[in-house]
Protein chains: 2
Amino acid sequence: MISQTSEYALRAVVCLAQSSKKPHTTAEIARLTKVPEHYLSKVLLMLAKHEVVYSKKGLHGGYMLAYLPENLPLLNVINAVDPIKHIKSCPLKLKTHGTNLCRLHKRLNDSIDLIEELFKTSTVGTILSDPTKSIPLCESNGK
Amino acid sequence: MISQTSEYALRAVVCLAQSSKKPHTTAEIARLTKVPEHYLSKVLLMLAKHEVVYSKKGLHGGYMLAYLPENLPLLNVINAVDPIKHIKSCPLKLKTHGTNLCRLHKRLNDSIDLIEELFKTSTVGTILSDPTKSIPLCESNGK
DNA sequence: AGATAAAAAGATCTGGACATCTATTTTATT
DNA sequence: AATAAAATAGATGTCCAGATCTTTTTATCT
């Protein structure tokens, strides 16, 4: 459903959103989110290319969120690393279908649309403010 | 979102549902659904193991649906070949979370639940009876 | 009843994408 | 100039999709 890479990207973004004052290094984020450090660096690179996060090189550098959490839909994070693909034309390449989707693929695409809508309306901010008990990720976050 | 294997399984099942009088061979289904024949045989095997389809060996054998289309949710087809995995415990293995999910993973799991519900309530029968123009798959089906 | 052909079932093998690790280069700060 | 950090490049491992081949089962036809 949600790729490993998307999961990692979401963890990183939520982690950054929780203490957004100063930049965080890849190593820090990796430790807090328990993502393999060197893979995380690639994920963060993709997030930076899509301007979800902002990177600062050199001493005291690191990554920061490029948006306020409440202005950052989960969809943007997901699409940066592993874009949601819609079914736009018949995968069987049947000429008689043309640009129409058959019933099966229409139904499948409807569910993709639904998921996309869900991730579009739910932001990193809503994750943080969700009124459940546990704190997102990071038992040692903020210490 | 939906794996290639699930897509193939759904195509095969929809195809079988469209002419359910006699068994269809793997080669036939492969031709009609444009799925690679030898991979399809594996997919059909999995469907048979999970009793979504029934197989008959030997001359004039082949595969048939094990259920009436309206009694066969798409979820059963998907779960037979590529089960939907729910997030049951914190992927970070944080002790403080225990069996509780953090907000991020709760949100992600909610969307998985939603998709599952969608595929549970929508059956192969609803695909066939969907009031849209194009016929599911198979331009040459039924000839 | 035995031979034959048709079909599923099963065993390997390969290429590509994703995930992970290692090493080097570039850039900014002190 | 020294250092810390991202950026880049490359190597390795694993899993899924797909291809090829062999074996087993079963209906049908002499």
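A note on names: the letters A, B, ... follow the listed sequences, proteins ahead of strands, and every chain is numbered from 1.
Residues from residues 35-46 of chain A lying near DNA chain C, meaning a heavy-atom separation below 4.0 Å, are A:P36, A:H38, A:Y39, A:K42 in numerical order.
Judged by distance alone, with hydrogens and angles left aside, the side-chain atoms of A:T126 form no donor-acceptor pair with the main-chain N or O of A:S122 at under 3.5 Å. The closest donor-acceptor contact from the side chain of A:H24 to the backbone of A:C15 lies at 3.5 Å or more, if one exists at all. Remark: side-chain polar atoms of B:N109 are paired, donor with acceptor, to backbone N or O of B:I87 under 3.5 angstrom. Checking side-chain atoms of A:H60 against main-chain N and O of A:P23 turns up no donor-acceptor pair under 3.5 Å. Although no hydrogens or angles enter the test, the distance criterion places no donor-acceptor pair under 3.5 Å between the side chain of A:S6 and the main chain of A:I2.
Atom CG of B:L16 and atom P of C:dA8 are 11 Å apart (whole Å). Rounded to whole angstrom, the span from the NZ atom of B:K22 across to the C1' atom of C:dA7 amounts to 14 Å. Here D:dT26 presents its C1' atom at 11 Å from OH of B:Y54, a figure rounded to the nearest Å. The distance from atom CG of A:L47 to atom P of D:dA6 is 13 Å, rounded to the nearest whole Å. Atom C1' of nucleotide D:dA5 and atom CD1 of A:I29 are separated by 12 Å, given to the nearest angstrom.
Within 6.0 Å of atom CD in B:E70, more than 12 heavy atoms from other residues, nucleotides or ligands are found, so the atom counts as buried in its surroundings. Counted within 6.0 Å of CD on B:E37, heavy atoms from surrounding residues, nucleotides or ligands total more than 12; the atom is thus considered enclosed.
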**Request:** Evaluate the criterion side chain to side chain contact (heavy atoms under 4.5 Å, CB included) for residue pair B:H50 and B:N79; output intermediate values, then yes/no.
**Result:** CA-CA 9 Å; B:H50 286 83; B:N79 273 341; over 6 Å; no
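Nucleic acid contact for A:Y8: sugar-phosphate only, since backbone atoms but no base atoms lie under 4.0 Å from a heavy atom of the residue.
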Enumerate the protein-to-nucleotides 27-30 of chain D contacts in which both atoms are nitrogen or oxygen and the separation is below 3.5 Å.
from   : atom 1 : to    : atom 2 : distance (Å)
D:dT28 : OP1    : B:H60 : ND1    : 3.4

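Contact check, A:S55 against D:dA7: a side-chain N or O comes under 4.0 Å of OP1 or OP2.
Comparing A:S3 and B:T25, the nucleotide of DNA chain C nearest to each residue sits closer to the 5' end for B:T25.
A donor atom on one side chain and an acceptor atom on the other are not found under 3.5 Å apart for B:H38 and B:T26.
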